[in-house]
Amino acid sequence: MASLDFEKEKNQFREYYSNNIKLLEGATDSFRTLIDALLTHSENIYISKVEGRVKDKEECVKKFNIKYRKKLEESKTEYEIKNHITDLIGLRVVCLYEDDIDKIKEVLSQHFSVIDETNKISQVESTEDSFGYKGLHLDLKLGETRTEMPEYKAFVGFNFEIQIRTIIQDSWSVLDHKIKYKKSIPNFLKRRINTLAALFELADREFKEIRFATVAEIAKAESEESEDTHTLTEGQVGPTKRPKNGHLNAFGFLKIAKHFFNDYEFEDFKVDGFTEEIVSIEPEITRTDFNEYMKATIAKVKQYQAYFESHGDSKESLNPFTIIRHCLYLNNKEKYSSFLTNVSKEAFEKWLSENDC
């Protein structure tokens, strides 16, 4: 029962916490798993991590004492401590880009009921001499649909707070909490802290701009590639020549590779390194060259792939990068000799000789 007796309410909260800790931990894991799944399967949202925790018991009591107790007792408002700790279950989503924050909020709003929202980005931007970290805080509870699901029944009574930040904001938050006595430090130190905060904000914006520029480069490569790449129609035995265009880079490689392997998810860092490897062997290679190499040899290499995967003792498969290696080697064995290991080269050559190639 609520009261104005802090000692009594403190003891009741500690008892509540101890009696429900396993349930609280279960709710935290369940909410974290659900949110991770929702965001992972959302398009154009880039997540670094989703994590959660149950707030420490004594930290809860301390927070209530500092933030709520005086005002409640002055107004003679009876209280239970647990009703004022909105972050007893706390989750954090760390995303890559600042514009992901609103997208994440939209996804969460579709699956949870929003009890309250605190936009620390707006708070910091509207307050002079503020050092606080940026981010969006939402107080949520399960949406109507999930409250009826058996797997969430035990957690219906729990609300939770979720903090949504970029990697840069999260890093600043960690550093911000280490800066002691911020309200009492001299102005020259405040200026230094503000300079540091501005650098973090600039980094956030630059990451976003770099992403936009990268997307533009991919779109440019797609547009140019559409002029170079066309699928062989039935009856054609070789590539149709096109005018040479720009040198091969990761963006051009990716568009052409996806043309031949449209069901494969190419990892960016692998594409970058693989393209660099090709260019180191043939510095003047263009997108058109690469496309024509692939069109000229892909059919034969896929025949070898079928043979290899059906006869190999280890039941290994050839992934698209390995297939491309074989295509480039078959196109120019001397130039791309180093693109295959000796074992792979011997096996491929043996198959080629047995198949009159």
Side-chain angles (χ1 to χ4, degrees), residues 217-218 220-357:
E217 285 295 321
I218 292 173
K220 178 183 174 185
E222 183 174 5
S223 173
E224 292 173 340
E225 183 253 343
S226 67
E227 299 175 3
D228 310 327
T229 305
H230 61 286
T231 308
L232 290 173
T233 59
E234 189 174 355
Q236 283 186 289
V237 293
T240 300
K241 288 290 183 181
R242 290 281 189 174
K244 300 284 184 179
N245 58 9
H247 288 109
L248 183 69
N249 59 22
F251 306 114
F253 171 91
L254 186 60
K255 296 308 300 182
I256 293 169
K258 282 185 173 180
H259 173 77
F260 291 99
F261 307 97
N262 55 16
D263 292 330
Y264 185 77
E265 190 68 35
F266 287 89
E267 295 180 78
D268 296 346
F269 76 96
K270 289 184 179 179
V271 168
D272 213 24
F274 194 78
T275 307
E276 186 177 11
E277 193 177 351
I278 294 173
V279 173
S280 70
I281 291 173
E282 189 173 352
E284 299 303 314
I285 188 171
T286 65
R287 293 187 300 275
T288 300
D289 292 332
F290 176 59
N291 182 56
E292 291 181 353
Y293 294 168
M294 291 297 298
K295 287 198 295 184
T297 58
I298 187 70
K300 181 59 67 177
V301 172
K302 286 200 170 181
Q303 289 176 25
Y304 174 67
Q305 178 191 16
Y307 165 82
F308 178 87
E309 293 178 359
S310 63
H311 288 77
D313 293 335
S314 62
K315 299 300 180 186
E316 292 180 4
S317 59
L318 301 183
N319 68 37
F321 285 108
T322 306
I323 292 172
I324 293 170
R325 287 183 181 278
H326 281 78
C327 288
L328 293 174
Y329 171 76
L330 184 57
N331 183 79
N332 191 322
K333 295 181 182 181
E334 183 179 350
K335 184 176 288 185
Y336 286 95
S337 177
S338 64
F339 236 46
L340 296 177
T341 65
N342 289 336
V343 172
S344 296
K345 205 160 20 183
E346 288 171 9
F348 190 34
E349 285 292 351
K350 183 172 184 282
W351 180 86
L352 289 171
S353 65
E354 291 172 352
N355 288 269
D356 300 320
C357 296

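Between Phe348 and His326, the angle of the ring planes goes over 60°, which puts this pair in the perpendicular group of the 30/60° scheme. Between Tyr264 and Phe321, the ring planes lie perpendicular to each other; the angle is over 60°, past the 30° to 60° tilted range.
Note: Leu340 CG to Lys333 NZ = 10.5 Å, rounded to the nearest 0.5 Å. If you take CD on Gln303 and CD1 on Ile298, they are separated by 11.0 Å, rounding to the nearest 0.5 Å. One finds the OG atom of Ser337 at 7.5 Å from the CG atom of Asn342 (value rounded to the nearest 0.5 Å). Taking CD1 from Ile323 and CG from Leu328, the interatomic distance works out to 12.0 Å, rounded to the nearest 0.5 Å. Note: Lys300 NZ to Cys327 SG = 12.0 Å, rounded to the nearest 0.5 Å. If you take CZ on Phe251 and OG1 on Thr275, they are separated by 10.0 Å, rounding to the nearest 0.5 Å.
In this structure, Lys345 places its NZ atom where more than 12 heavy-atom neighbours from other residues, nucleotides or ligands lie under 6.0 Å away. For Asp268, the CG atom sits in a loose shell: 12 or fewer heavy atoms of surrounding residues, nucleotides or ligands are nearer than 6.0 Å.
Proximity of a side-chain donor or acceptor of Asp289 to a complementary backbone N or O of Thr286 within less than 3.5 Å is detected. Although no hydrogens or angles enter the test, the distance criterion places a donor-acceptor pair under 3.5 Å between the side chain of Arg325 and the main chain of Phe339. In this structure, the side chain of Asn355 engages the main chain of Trp351 through a donor-acceptor pair within 3.5 Å.
Nearest heavy atom pair, residue Ile324 against residue Ala257, reads CD1-CB, 4.4 Å. When all heavy atoms are compared, the tightest approach of Ala347 to Tyr304 is CB-OH, 3.6 Å. Considering all non-hydrogen atoms of both residues, Val279 and Leu248 come closest at CG2-O, 3.8 Å.
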Inset, instruction - Apply side chain to side chain contact (heavy atoms under 4.5 Å, CB included) to the pair Met294 and His259, showing each step before the final yes or no. - result: CA-CA 10 Å; Met294 291 297 298; His259 173 77; over 6 Å; no
Legend entry - Worked verdict on Tyr307 versus Glu354 for side chain to side chain donor-acceptor pair (under 3.5 Å): CA-CA 12 Å; Tyr307 165 82; Glu354 291 172 352; 4.7 Å; no
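Defined by atom type and a distance below 3.5 Å, a donor-acceptor pair is present between the side-chain atoms of Thr322 and Asn319.
Counting only heavy atoms from C-beta outward, the side chains of Glu277 and Phe274 approach each other to under 4.5 Å. Leu330 is listed as a side-chain neighbour of Leu352, based on a closest heavy-atom distance under 4.5 Å.
Checked options Phe260, Tyr336, Phe253; the residue passing with Phe290 is Phe253 (criterion: ring pair (Phe, Tyr, Trp, His ring centres under 6.0 Å)).
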